[in-house]
2 protein chains.
Amino acid sequence: MYIESALSNHEPALRRETPESLAAEGAPSLSSLFARQPVERFEAGAAVFWEGDTAAHVFEVVDGVLRVFRMMNDGRRVITGFLYPGDLVGVSLERHYLYTAEAVTPVKLRRFARNRFQSEIHSSPELRPQLFAQLCDEMAAAQDQMVLLARKTAEERVASFLLVSARRLKSVAGAPLVEIPMTRLDMADYLGLTIETVSRTMTRLTQRGVIEPNGRHTILVRKLRTLAVLAGECDEDDSSGETGVPEAGAVRRAVWPH
Amino acid sequence: MYIESALSNHEPALRRETPESLAAEGAPSLSSLFARQPVERFEAGAAVFWEGDTAAHVFEVVDGVLRVFRMMNDGRRVITGFLYPGDLVGVSLERHYLYTAEAVTPVKLRRFARNRFQSEIHSSPELRPQLFAQLCDEMAAAQDQMVLLARKTAEERVASFLLVSARRLKSVAGAPLVEIPMTRLDMADYLGLTIETVSRTMTRLTQRGVIEPNGRHTILVRKLRTLAVLAGECDEDDSSGETGVPEAGAVRRAVWPH
DNA sequence: CGTTGAATTGATACTGGTCAATTCTAGTGG
DNA sequence: CCACTAGAATTGACCAGTATCAATTCAACG
């Protein structure tokens, strides 16, 4: 079966309103479920759970960034996603986790027993559509990632990543200052490249004036439109204007000359 | 949020029992929802819907195979999945489909109005977990595909594809005879390769006696264990035995030397 | 200020892509 | 029933984009 996102380009449906805001208003939301759980802290690099562990809990990211990855038996690593505040980890029907979750930055999480989570979801007509929406968003993101991995060049991949990172920010007027908390190795394993290729590509983007690194984990995006064009999936008209962030709900064409 | 499959290796949770069997028994199942809808036929190559179309319906595949794909604006195509009898297409919260669905073979479908589908799901405590299970399966399959696209070699990709195709069959005793209904171009666009590379890789597998083509769309798998090893994600012990199909629920390790 | 892992940069290798030429095969029509 | 045809698949020669290997350089932290 195939599902789609409630919002194009994977702005997560529920991420806009912070967990706190909803919980405070008493509106039933997925994160309000977790609100009473104690906050647990993980230092950067620490694993929340491992691929193969018994999947006993569902987690909500409260603060920080997680990486979620799978390893091939010879050590090749694939990061299937990064998780941000408001995201859930470990929702599943499987007895064991199918991936490892690690803290990229220091992370705060809330934990919920799996079976309790399931029964809460099952019995709440408010929560169910929200969970469903998150699944749809995640599926859409996975499909974008498949497009990236299957057909995009190194430059398109890096540009796509930076673009999505830029969109995650509350777009500061003009050029957004993007935080890249993860290492180049994380980026490489997420984009299906090597560190060297990621590094070279970013150097080239810098030389062309598209981005302007500010330390290793902060990047000023100087030409957002250019970045969007380089990323692939958008119509490549003017890259001169260099105005604000291209809106998320962009039009999609339905033409395919067979 | 991240979810996992109810069954490893993406044997779909609900696919085993045919739609008919369940519907006949009156057991509430996703496909029983569709059972009263008229069957629609699509000839090979016909589109069921296009990326960008208003997403007004959900479809159940009754017979045949669909390909689901997205196009980049310059024509690069990525097939994100193939759909088989029992699968649903078009489940979404989005107003428009995010991908095109086309018939690979002559296909029979049943159609269900989107809002009716949603309310049925919403009001049925039996159906909901089944839909959830399908979402989980699909998410797990998407993650496998990301691993394939991000890190596997051409040979590993082709081997993985043939292996999954072989597993879909009711494993005939000994060497399974695998049907590959799609063209090489479909395979290439699914595996992130070119037709030429797919072709060369299959030729090499044939020369090594791993597979034995029987026409262009049928393949006798002579060395299933070898194929499994070549596919990557399985421990590569003996490839001599060449006995039955490796079971789906294989063990996963949880080691990661950081 | 020194140390160490991360990142960058360079030289070279190799997998898979591109372009082009056959060869196959499933239809089609005589 | 069989030759013809057009698209699909295979094969080959060559090329390009990334990976690999190796050497610096950078920057965060003690």
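Summarising the geometry, the separation between CD on B:E43 and C1' on C:dG27 is reported as 15 Å, rounded to the nearest angstrom. What separates CG of B:L149 from P of D:dT18 is a distance of 15 Å, to the nearest Å. B:R184 places its CZ atom 11 Å from the P atom of D:dT11, with the value rounded to the nearest Å. In this structure, the CE atom of B:M187 is 10 Å from the P atom of D:dA9, given to the nearest Å. Distance CZ (B:R204) to C1' (D:dT11): 12 Å, rounded to an integer number of Å. The distance between atom CD1 of B:I195 and atom P of C:dG17, rounded to the nearest whole Å, is 11 Å. C:dA6 atom C1' lies 14 Å from atom CG of A:D189, rounded to whole Å. Rounded to a whole Å, the CG atom of A:D186 is 10 Å from the P atom of C:dA6.
Salt bridge status for B:R111 with B:E40: present, with a side-chain N to carboxylate O gap under 4.0 Å. We find that A:R151 and B:D189 are joined by a salt bridge, their nearest charged nitrogen and carboxylate oxygen being less than 4.0 Å apart. Between A:R77 and A:D186, at least one side-chain nitrogen of the basic residue sits less than 4.0 Å from a carboxylate oxygen of the acidic one, meeting the salt-bridge criterion. The pair B:E156-A:R76 meets the salt-bridge criterion, with a side-chain N (NZ, NE, NH1 or NH2) lying under 4.0 Å from an Asp/Glu carboxylate O.
Going from atom CE of B:M187 over to atom CD1 of B:I79 covers 10.5 Å, rounded to the nearest 0.5 Å.
When distances are taken from the side chain of A:S199 to each of C:dA7, C:dG16, D:dT18, the shortest belongs to C:dA7.
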- request: Summarise how protein sits on nucleotides 19-30 of chain D as a single string, 5' to 3': B when a protein heavy atom is under 4.0 Å from the base, S for sugar-phosphate-only contact, - for no contact.
  value: SBB----BS---
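The ring-ring contact (aromatic ring centres under 6.0 Å, His included) analysis of residues 177-203 of chain B, with sequence neighbours excluded, yields the pairs B:F82-B:Y190, B:F161-B:Y190.
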